[in-house]
Amino acid sequence: MTTPTQKAAAKKAPATTPATKKTAARKSTAPAKLAVKADESPWTKAELAEVRGDLNADRERLRSELNLAEHELHDLMRDAGDGAGNDQADVGSTTFERDHEMSLANNAREMLAQTERALARIEDGTYGVCEIGGEPIGKMRLMAFPRATLCLSCKQREERR
């Protein structure tokens, strides 16, 4: 048996749930507070939109390049049989061209993965944090190279190895 007070409390409980959903919906549309260095100003909506736009344009370009490289590679693989009349120079040239297309496809695939990872990091709010040191990467570095995952000092240390 429920008392009138319990009924009133039960009615109020669902009212708080939609308010929580509204807050969650607002958070997903508002720019996340991203890491910046101590001497930098926070990311503005315009700066973040510029970086996001660059990354989206890169993603489309890379998908197109990857698609083209895979088609050319497919054509090379189809025509790669031991045809009569092919001398060693022809076979070598075909092999070189196929290796070149494979390198282009692998490079485009890796850059596409980095770009998609940067876009995901913007969405989850971890964009701008160095993956090794945990310190802010810096807005200028990210605006120059939006796929950066390491701060300058960690990147230099990595390249010396």
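Values below: all heavy atoms of this structure, side chains included; hydrogens, waters and symmetry mates excluded.
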Output side-chain donor-acceptor pairs under 3.5 Å for residues 142-160, partner residues at least two apart or in another chain, one line each.
unit_1	atom_1	unit_2	atom_2	d
R147	NE	Q114	OE1	3.4
R147	NH1	D58	OD2	3.4
K155	NZ	E158	OE1	3.3

Pairwise distance [atom1]([X]) to [atom2]([Y]) - rounded to 0.5 angstrom:
| X | Y | atom1 | atom2 | result |
| --- | --- | --- | --- | --- |
| E131 | R121 | CD | CZ | 4.5 Å |
| T95 | R98 | OG1 | CZ | 4.5 Å |
| N56 | E116 | CG | CD | 10.0 Å |

Least distance between heavy atoms, [X] atom then [Y] atom:
| X | Y | value |
| --- | --- | --- |
| D124 | T126 | OD1-OG1, 2.6 Å |
| C130 | I137 | N-CG1, 3.6 Å |
| L55 | A118 | CD1-CB, 3.8 Å |

> What residues, two or more places apart in sequence or in another chain, satisfy salt bridge (charged side-chain N to carboxylate O under 4.0 Å, His left out) together with E60?
Replying inline: R63

> Under the 3.5 angstrom rule, does the side chain of K139 hit a backbone N or O of S41 as a donor-acceptor pair?
Replying inline: yes

>> Quick check on the hydrophobic clustering: are L34 and V36 connected, directly or via other members, by side-chain heavy-atom contacts under 4.5 Å?
In response: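 Yes; V36 is reachable from L34 via cluster members.
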
> Hey, quick one: are L119 and L48 part of the same hydrophobic cluster, counting side-chain heavy atoms closer than 4.5 Å, chains of contacts allowed?
Replying inline: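 Yes, same cluster.
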
Pairs of donor and acceptor atoms involving the side chains of residues 101-111, under 3.5 Å and at least two apart or interchain, shall be tabulated with distances.
unit_1	atom_1	unit_2	atom_2	d
S103	OG	D99	O	3.1
N106	OD1	R109	NH1	2.8
N106	ND2	M102	O	3.3
R109	NH2	E70	OE2	2.9

